[in-house]
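What follows is a single structure, and I will ask about it in a moment.
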Amino acid sequence: MRIGMLLMGGTYPPDIRVEKEAKILSAAGHEVFLLTSDKDGRPTQEQIGPIAVRRYPARAGFVASKLSALATLTTWRSPLWESAIARYVHDESIEALHVHDLPAVASALAVGRRLGIPVAYDMHENYPAAVGYWNRTTAARLFQTPARYRAYERHAVNGVDRVVAVVDESLERIVGTLGVKPENVFIFGNVDDVDEALDWAPAPGAPFTVAYAGGFGPHRGIDTLIRALPVLRETVPDARLLLMGAGNGEGELHALAESLGLTDAIEWTGWIDGESMRKRLVTVSVGTVPHLRNDHTDSTVPHKFFQYMAMGLPVMVCDCAPLARIVRETGAGTVARAGDPVDIARALAELVDEPTAHAASVAGKRAVAERYNLTTEGRNLAAMYEGLSPKR
């Protein structure tokens, strides 16, 4: 099948989920195409690995772009995006659309119905819950409220032919709360590509280093992790933080660290590429996911979590439902109460003990080898396209 992926919100590369899915679908015999935006002057068409990438200009004429933006705010549909999708389907003989994230679903559905091709919605996260934590424009906050997003999401998931969930808890919400038939929902988790995983190898005698990799949005709980460091240093005086990433609120995080006298105990790398991130992670003591617990974090799992486990890095996670469940089931690390710096310090201190850390490392790698890997998850993704065919 000629599968046309849609990535409306950004450009490609990078997008780790698109990359993984394309690898799996290509290996299953499908041809993978991707329509995305051109935000930095890249070629209009380009072959990147198994993906035939097509980019359309992010900017149109002033009037056309403003009218399209207004239509998106009020109807969820983008005339410019729909026009680009229709041309893309025609030019590449696309047989199914695979749309990433909620904002593009309405436009994909409109084109899919008009042209008679099935649409799969790749639900990365609980989008209506997430928008409350993002820095959005005033117009978006006024028109695209969480309540409208929830109504739109229900329409979207029940309008598409298939839904891709990232974790069991997301599937339960899609079926139980949003009313989608179970046979139309498939799980493809944010697992790591074990071919790219390095082996955890902390340097003997090095300081106890707690790492975080990813965005710095307010729901990530990085402020709580910083507040936990002084508590941890009461029993582990050499404890340090390695923060790899960037995002909203970074200035406030630096100010918090300075106010707590932690300037020399925290390393901030800013955004670094995946290879550099992996090389840093193999030498640290523990990888963390300190997310605050809410409707968003209770139904998704970040890529970094499985990246930690794949390399055998012991993990400390907060008690968001899927994170806590997987760590407790596998023994890959420790769980702390979200938003509680004292309990986070307690959970981190448990991994100072070498036998405990070693057991978590072994358990994490074993869980990835047996369950949380691309081969296992890929079967679900490939199975989703069995029986799907153009309706025209």
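Computed from a predicted structure; not experimentally measured. Computed from heavy atoms alone, side chains included, the values below leave out hydrogens, waters and symmetry copies.
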Starting from Met1, can I reach Ile24 by hopping between I/L/V/M/F/W/Y residues whose side chains sit under 4.5 Å apart? yes
Could you check whether any side-chain heavy atom of Asn190 comes within less than 4.5 Å of a side-chain heavy atom of His124, counting everything from C-beta outward? no
Under 3.5 Å: donor-acceptor pair, side chain of Asn126, backbone of Ser299: no
Among all residues two or more places apart in sequence or in another chain, which pass the side-chain contact (heavy atoms from CB on, under 4.5 Å) test with Asp223? Leu253, Leu256
Is it true that Ile48 and Leu25 fall in one hydrophobic cluster, defined by side-chain heavy atoms closer than 4.5 Å? yes
Please table the atom pairs, donor to acceptor, closer than 3.5 Å between any side-chain atom in residues 270-277 and protein atoms at least two apart or in another chain.
unit_1, atom_1, unit_2, atom_2, d
Asp273, OD1, Glu275, N, 3.1
Asp273, OD1, Ser276, N, 2.8
Asp273, OD1, Ser276, OG, 3.1
Asp273, OD2, Ser276, OG, 3.2
Glu275, OE2, Lys279, NZ, 3.3

Closest non-hydrogen atom pair, Leu351 against Ala360: CD2-CB, 4.4 Å
Determine yes or no for a side-chain-to-main-chain donor-acceptor pair under 3.5 angstrom, with Thr177 supplying the side chain and Ile174 the backbone. no
Looking only at heavy atoms, which two atoms of Pro290 and Tyr212 are closest? And how far apart? CD-CD1, 3.5 Å
With distance as the sole test, does Thr224 use its side chain to make a donor-acceptor pair with the main-chain N or O of Gly339 at under 3.5 Å? no
Sub-3.5 Å donor-acceptor pair from the side chain of Arg55 to the main-chain atoms of Pro43, do we have one? yes
Which distance, rounded to the nearest 0.5 Å, do you find between the OG1 of Thr334 and the CD1 of Ile344? 10.0 Å
Just so I know, are the side chains of Glu125 and Asp101 near enough to count as touching, which here means a heavy-atom distance under 4.5 Å? yes
Return yes if some donor-acceptor pair links the side-chain N/O of Thr283 with the main-chain N/O of Arg280 below 3.5 Å, else return no. yes
Contacts of Pro79 meeting side-chain contact (heavy atoms from CB on, under 4.5 Å) (sequence neighbours excluded), chain-then-number -> Ser68, Ala71
Quick one: CZ on Arg293 to SG on Cys318, what's the gap to the nearest 0.5 Å? 10.5 Å
Gap between atom CD1 of Ile51 and atom CZ of Phe33 - 0.5 Å precision: 11.5 Å
Is a donor from one side chain sitting under 3.5 angstrom from an acceptor on the other, for Arg87 and Ser83? yes
No-hydrogen, no-angle side-chain donor-acceptor test under 3.5 Å, His98 and Tyr385: yes
Is the shortest side-chain N to carboxylate O distance from Lys23 to Glu19 below 4.0 Å? no
Salt bridge or not for Arg2 and Glu31, using N-O below 4.0 Å? yes
Assess whether side chain to side chain contact (heavy atoms under 4.5 Å, CB included) is satisfied between Phe188 and Asn380, documenting all intermediate values. CA-CA 6 Å; Phe188 176 72; Asn380 293 332; 5.6 Å; no
Is there a donor-acceptor pair closer than 3.5 Å between any side-chain N or O of Asp161 and the backbone N or O of Ala120? no
Carboxylate-amine/guanidinium contact Glu153 Arg148, below 4.0 Å: no
Check whether Lys20 reaches the backbone of Leu374 with its side chain - one donor and one acceptor, N or O, closer than 3.5 Å. no
When clusters are formed by joining ILVMFWY residues with side-chain heavy atoms under 4.5 Å apart, either directly or through shared neighbours, do Leu388 and Leu115 land in the same one? no
Worked verdict on Val105 versus Arg77 for side chain to side chain contact (heavy atoms under 4.5 Å, CB included): CA-CA 8 Å; Val105 174; Arg77 292 174 56 181; over 6 Å; no
With a 6.0 Å cut-off (strictly less than), is the heavy-atom count around CD of Gln47, excluding the residue itself, greater than 12? yes
Distance-minimising heavy-atom pair for Val18 and Asp15: N-OD1, 3.0 Å
Is it the case that one hydrophobic cluster holds both Phe306 and Val286, taking links as side-chain heavy atoms less than 4.5 Å apart, direct or via other members? no
Heavy-atom pair with the smallest gap, counting every atom of Ala86 and Arg114: CB-NH2, 3.8 Å
Single-linkage hydrophobic cluster Ile226~Val236, side-chain heavy atoms < 4.5 angstrom: yes
Can you confirm whether Asp295 is buried at CG, in the sense that more than 12 heavy atoms of other residues, nucleotides or ligands lie under 6.0 Å from that atom? no
The test is side chain to side chain contact (heavy atoms under 4.5 Å, CB included); show your working for Val282 and Asp199 and say whether it passes. CA-CA 6 Å; Val282 297; Asp199 288 328; over 6 Å; no
NZ/NE/NH1/NH2 to OD/OE distance under 4.0 Å, Asp192 and Arg278: yes
Just by modelled atom types, is the Ser285 backbone N or O under 3.5 Å from a matching donor or acceptor in the Thr209 side chain? no
Determine whether Asn373 and Val191 satisfy the following criterion, side chain to side chain contact (heavy atoms under 4.5 Å, CB included), listing intermediate values before the conclusion. CA-CA 6 Å; Asn373 56 72; Val191 296; 5.5 Å; no
Where is the tightest heavy-atom contact between Ala347 and Met316, given as atom of each residue plus distance? CB-CG, 3.8 Å
Does atom CD (Glu258) have a neighbourhood of more than 12 heavy atoms from anything else shown, all under 6.0 Å? no
Among all residues two or more places apart in sequence or in another chain, which pass the side-chain contact (heavy atoms from CB on, under 4.5 Å) test with Thr330? Met309, Ile326, Ala332, Ala367, Tyr372
Check the angle between the aromatic planes of His291 and His219 and answer parallel, tilted or perpendicular using the 30° and 60° thresholds. tilted
For the residue pair Leu178 and Asn158, what are the closest heavy atoms and their distance? O-ND2, 3.0 Å
With sequence neighbours excluded, tell me which residues meet side-chain contact (heavy atoms from CB on, under 4.5 Å) with Phe186. Arg162, Ala383, Met384
Could you measure the distance from the CH2 atom of Trp200 to the CE atom of Met311? Nearest 0.5 Å is fine. 11.5 Å
Spacing of CD1 belonging to Ile187 relative to CE belonging to Met123, to within rounding of 0.5 Å: 12.0 Å
Do Thr300 and Pro322 make a side-chain contact, defined as non-hydrogen atoms from C-beta onward lying under 4.5 Å apart? no
A side-chain contact here means heavy atoms from C-beta on lying under 4.5 Å apart; do Trp268 and Leu241 qualify? no
Any sub-3.5 Å donor-acceptor pair from Ser26's side-chain atoms to Pro50's backbone N or O? no
Spatial distance of atom CD (Gln307) from atom CD (Glu196) [nearest 0.5 Å]: 8.5 Å
Which pairs count as ring pair (Phe, Tyr, Trp, His ring centres under 6.0 Å) when at least one residue sits in residues 68-91, sequence neighbours excluded? Tyr56-Trp81, Trp76-Tyr149, Trp76-Tyr152
May I ask you to test the Arg17-Val164 pair for a side-chain heavy-atom distance under 4.5 Å? yes
Can any side-chain N or O of Arg240 pair as donor or acceptor with the backbone N or O of Asp264 at less than 3.5 Å? yes
Between Arg42 and Glu46, is there a salt bridge with N-O shorter than 4.0 Å? no
Could you check whether Glu169 pairs with Arg173 (Lys NZ or Arg NE/NH1/NH2 to Asp/Glu carboxylate O, under 4.0 Å)? no
